Structures are given as structure tokens and as C-alpha cells.
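Here's the structure we're looking at; comments come further down.
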Amino acid sequence: MIILRPKKEFKAPIIAECISPDVFMGKSIDEVAKLKVYEGNKERTLGELFNFSYEKEPEDKIMIIGDVSKVRKIGFNMRKGEIEVKGDVGMHLGAEMKGGKITVFGSAGSWAGSAMSDGLIEVHGSAGDFLGAPLRGSTSGMSGGTIVVHSNVGDEAGAYMRDGSIRIHGSAGQFLGLRMRGGAILVLGDADSRAGAFMTGGRIVICGTLRSLLPAFTIEGVRPSIKVGPEKVSGPFYLFVGDLTEGGDGQLFVSKVRNPHLSPLVTKVMAGE
Amino acid sequence: MMMELLIKNGFVYDPINGIDGERVDIAIKDGRIVERVDERRAEIIDASGMIVMPGGVDLHSHIVGGKVNSGRLLRPEDHRKDYEVKTKVTRSGVGYSIPSTFTTGYRYSRMGYTTVMDPAIAPLKARHAHEELNDTPMIDKGFYPLLGDWWFVLEFIRDGKIEECAAHVAWLISSVKGYAIKLVNPGGLEAWGFGRNVDSIDDPVPYFNITPRDIIRGLCKVNQLLNLPHAIHIHTNNLGKPGNYTTTLDTMKCVEDLAIDDKPIAHVTHCQFNAFKGVNWKTLASGAPEIADYVNKHKHVTLDMGQIIFTDTTTMTADGPFQYILYKLTGNKWVNSDVETETSAGIVPIRYRRASYANAVQWSIGLELALLIKDTWKVYLTTDHPNGGPFTEYPRVIAWLMSRIARERTMKRLNKRAVAKMTLPSIDREYTFYEIAIATRAGPARSLGLKNKGHLGVGADADVAIYDVNPKEVNPSRQYKLVRRAFRRAAYTIKSGEVVVKNGEIVKSMMGDTIWCNIHVMPSLAEDVAKGLKKRFREYWTVEYDNYPIPEKYLSISYPMEIKAKV
């Protein structure tokens, strides 16, 4: 295991794609210290920015102790091994990740797990916007793997998601599951408006309050409970289907008890008015 | 004083001068090929064991213009995945299927290409196109203005005023500094302005009461009256629709009687996209054998392949209604543009997949066209960049053309149902280096009427490509990967007598010419037509008549071809 500690408080953003077990494996501390990163527009080596220490076991693990909220792309494209961060991390954590595990005891920036296809990201704090979502322009979102966030997340979590699962213990921002095509998002807290906008498939479960429902969803019925992955979440839930503007059949489950404001609407639609 | 160059010991392929792999030394002085140079003073390039060809000529590649730029805006993800870092001589750039202007120039040059034509510019946006061409280094370039749906052209044709139409077209091409007449879905784009389309060459165009047939024939006659160097460049009606090969045959037949001598009078572009048989996407089949059969029997028409590559690319054509159908089919993001100008346009990103039945059939159609048409002078290598795939994938197409094994290897990974129906597995033909030289430089240059391009005879422009592959040792049929690699990165590219690429890297950045046609018609006729036009401009147009033409000084290096029209 290689342990990294920041030498100073970073001011400029640092792009550090190389902080990944795939890159570190088989390299000595000296070699690792020579890896190139960018601090702002200046090229630096990891050794200039971090202190290193080494422990024998486990071999494929990287631990970062300290605030790295300015450091981007940690665990980019990683396939195996483990990264543990004790502190906050910056944007693009585990972007395009293909395997392995990242644990953060702190908060993550935007685009955590961006377009990941396998592996596990667990954030014990909150996460920024675009959780699991691809970068602007791209339509290939998360296609596998799992993201767990123990606190709140920002807007557009799970946008363009095709497969895999996202579990949010806190609440979610606007446009949850935007243009989602598959996979599952479970929010144990509340969700802001426009959840499931343009979704054509997949499943969103909101256990708390949904601020407002998009008019492009229709009610399918009430379900006593719902399975999300291996887990059974008990309801009862309203089941909405949409987004009808896209001819979609995505499923949006919203807690019946926590959303009394939806009940007049549901009663009307079910009565055929 | 300009440098003198001598390329020694290379195997030269120069089809226009009938040189087929012989060891000929090529002497260059002042940007031209000359008889001989003083060997003691000249810089010597030792090309032993290498192929020497004229610089590549691409007659159909969307590299500049309004919709290319909209495509760049639409696809930030295309830029992220492919970028170039600046060097001492080159600028940085981005883009895989729609590279930025400088990168476009560099990448063509690295492949040994020296002349590229953009095939579709809305005349009203020509100024912007020239600004982009001014920023596209390394290559000589030009564009074809879109004229097949332009109101004044349609009106002249409706009224049977072909000579007036010719004078108007001459004014327009000379004003916007274009090179040839381009027709895209003639009549259909005008109909698209009203949300409609035409579905055959005899379907009347709304509000004009003429048919696409009238437009094609009219502009073909105009082309002949104006003595333009290139034939009319046609993107047929019904492009991209199953069963459209009959439309293509109709289009080629409808100008058959206009041919005067053996000179081709129509160029049907990216023919792969308009050689579909079948009634829907599930029954899609290749119409290449029928089209090849027709082309083999006639002399008035040439084609280019429009080969597709299995990759993620961006489709962009002036064919707005077709792009709308494609958007509906793929559900992808899209842009509808240029409808306010003389044409229309649409942009849709697409990924061609090996597992897709339709895409696999499309792949076979392009290659079947190239392999079934016996005379290589009639069919040229293109991918309709970026519609079928980016131009950087040309070497892949070269490998498929030169090697049956390369084709078989690809077929193994394709949709099985598609392969079972293909004609392609039964075709044994493999292109030789000589034929590749025709398909990628000599043929397009001749078709474009560029007398100084596409060959290495004395007096030709000193645009030369040298590839590190030994035709005496390498068997392209088996060692197609070596050929592919060699064509990806030219050992040397020489542009206007200067070495600009060495070992696949740019060593010198330079600006090429912008080639355009300055057409002279009889002054009395030109004045007549201009008088009518001025009034219409004042009434209907967003720019003044006098502001419409682009001044020659706007072009960074202007290369006008002076042409005397018959009218």
C-alpha cells in the first residue's frame, strides 16, 4: 500500500489521472514520485506535491490522507485494486472506472463515477453534481457498477445511465436520472423537481418527498414494495411511468406516505378524469 | 531562390503518365516537376524501397462551412477523445470525426494528401467557409456551392431559360469563389423548407412545378455551357432510403443523352448511400451490382465510394429531410440548419456497428461498387468524410480494396445474416498500387479537371507523396497491415516543392491555394441577368447585391481558374 499525504494546501486544480492502482502497481516509491501531473498549467511530478510512505499489505491499495478536494481524476479508468481517501476529493473521482473499489471518508466533487462501467465507489460524505453522469455532449452514461453516497448529491445524478446502480442516503438535486435508459437509482431522502426528465427506461425510487412531478409521467398504480438490486424497499409507492414526451417506459417509484401533495393528482388520473 | 529536390530510386506510380511502379527519378524545381535538376545542388531524397505517388486528391470531404462548424459545436465528446498537442511547427487542435481546421490540414498532409475539395457550401455562408479554408493549412482546397435548390436556378429552369440560368450560375460561382456545381437532393431541399420532400426524380417540387429531373438536366446543360472543369456533382434524391438504387440509376440515365464526347458529365457522389436495394431496413440489400453494371456500360458518369467505417462518427449533409429521418431512426441529438439559406442541412452523430445488419450491408455496398466497376477511373475512394467515417481511416479502405484477406477478416466480425447475403465474398478482385493511385489521386484530379494535379509529369505541381512500403517485397494481399500503416503516415509529403512531412510528422507548415473558377460569360447576357437579380435582391434578400460577392483579397492565397463560357 502506498500512502499519499499532500505537502501543502493546494490552490490550483491538479489533474492527476495517474493516481490509480493500475498505474502504481509494480512501481517503486521513487518511480511513483516521478509520475507527471498538472498543477494549473504547470507540469509537476507527484513527488513535488505529495509525501509518500509505504506499507507492504495490501499490495494494490492506495491511501490518501488529507484534503485533496482540488485534485481531479483520481482513479481515472481504474480496473482493479483499491483507493481509500481520508478527506475530501475533487472532481471526476473514478471517472470511466472499470473495476476495483474507491472509498472516500469525506465528500466528492462533481462527476464522481462519471460514465463508469464496473466497480464500486462509496462516498461517506456528499457528492457534487453529475454523479455517474458523462461529460457534456456525451450520451454514454454509467453502464455498470455501483455508487453509494451516504449524504446528499447535487443535480443530474445518474444522467444517461444505462445500467448499474446508485444509492443515495441523503437527498438528490434536480433532474435526477435525466435521460436515463436503464439501471436503478435509489434515493432514501428527498428529491428536487424534474426527476426522470426524458427517461426512457430504468428505475428511480424516491423514499422521501419528490418536490414536483413532471407532467410527462402517468400513474400506473400503487406498489407495496419494490426491489432495487438485491434489496427490498417497503413502501407503499406510487408507480409513475414516463417520460412520455420521449415515448419512454422508465419507472419512477415515489413514496405514497411522504408525498400527500401527489394524491389529488393520482386520484384524478385513476378515476379517468 | 526556391530549393531544388530530387527524389531518387523510388517505385513511381503515376497513372496519368502510365508509369506503373518503375524506378523513375522525380526532379522538382520552383514548386514544379521538371525534366532534370543539378544533382550537386539539389536536395536528394532517397526513396529506395518506397512508393512514390502524386499527392492525394480528395474530391469529396466536408472539412469547412456552416454545418461542419455546427457539427463541432454539437459534439464536444468528439473533441475530447482525440486531440493534438502543439509542436514547434503545428498548432494544437481537437476532433476525431470533425477535426478543427488546422488539424484537418495536418492530418491530410500526414497521409500524403495535398488537394481536398469541400463538396457542400451554402453560397450565403461562403464567406465563413473561406475564413475556415484560410485556416486550413498544408493542402490546396476549394468548395462546391449548393445550387440544386436555389430559387433563381429553379425559376430559370421552370421558364426554360438555360442560358440565363448559366449566366446566373456563372455570376454566383465567381462571386462566392466556388469550384463546381453541387446538387443535393435536387428539389427536395426546397420542399424541406416547407417540411416536405420529393420521393422520385419525377415528383414535382412544391410551388415550382418542375421535377428533380428538370433540375438535374438543366444544371447539367448549364455546366456544359459554362465549360466548367468538373462535372455536376450530384447527391441523389432518396439518399439513405432502402430501394433508392433505382433513383440513382434514373439520375444517371436522365442525363445520358446530354453526353457529347467521352467526358463524364455527372459525378454521383458517395454512391454507397444511394445504392440500397430492398423495401425496408430489414430487407436491405446491395444495389451495387446493378449500378456497377450500368456504369460499366456508360462513359458519362463517375462515382465515389462513400465507404463506411465501423466507428463513431458524425453525419452531416445538406440533405435536411434525410437527416431528419436519420434523427428519427437513431434518436440521437441533431441539428437542423441552413434552411434560411439557399439550401438546408442536418447533422446527426452516428455509430456504425459491425453487429448491425444494415451497417454491415452498407459496408459491403461501398466495396462492391469499387470492385465491380471495372474501370478504376470511374470510381474514387472516399468515406464522404465524416458521414461514412473520418478521412483518417482511408488507409483502412485501401487495405480492404487491396486485400481479399483483409475483407474476409472484417467479414468474420460482421452481422452473420448480412454476410450470408453479400456479393462481396465472391469477388476476388484486389486493387494494385497502380489502381490505388488512380482511386486516390489520378482519378479525382482528372475528374476535377485539375491539369496540374494528380500526376508527376513535367510541369505538374510538385505535390508528391512517398510511402514506406516496398512493392517488390510486400504482398499487399497478405501483408495488408504493412500497407495500411504505410498509407497512414507518409514517409514524405512534398507540397509545392517543399518537404512538409517526414516520417508521418509535420516538419513545415504552409498554406495551400484556394482554387476557384472565374467564369466569363458574354457581358450583354451577364448584364441582362444582373438587372433582374438586383431588383429581387433588394426585395427579398438579407444582403445587398453588391455585398454578396466575396472579394478576391479575402482568400489567403487565391488561385482562380479563368474559364471562358460558351454563352
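In this text the structure is predicted, and so the values were computed from the model without any measurement. Order of the sequence lines sets the chain letters (A, B, ...), proteins ahead of strands, with each chain counted from 1.
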| request: Tell me, yes or no, whether the heavy-atom count around A:K34 atom NZ, taken from other residues, nucleotides or ligands under 6.0 Å, exceeds 12. | output: no

| message | How close do B:P76 and A:G137 get, counting heavy atoms only, and between which atoms? | response | CG-CA, 3.6 Å

| message | Does A:R44 have more than 12 heavy atoms from other residues, nucleotides or ligands lying within 6.0 Å of its CZ? | response | yes

Suppose we count any N or O donor within 3.5 Å of an acceptor, strictly below that value; which pairs fall between chain A and chain B?
| unit_1 | atom_1 | unit_2 | atom_2 | d |
| --- | --- | --- | --- | --- |
| A:R136 | O | B:R80 | NH1 | 3.3 |
| A:R136 | O | B:R80 | NH2 | 3.0 |
| A:G137 | O | B:K333 | NZ | 2.4 |

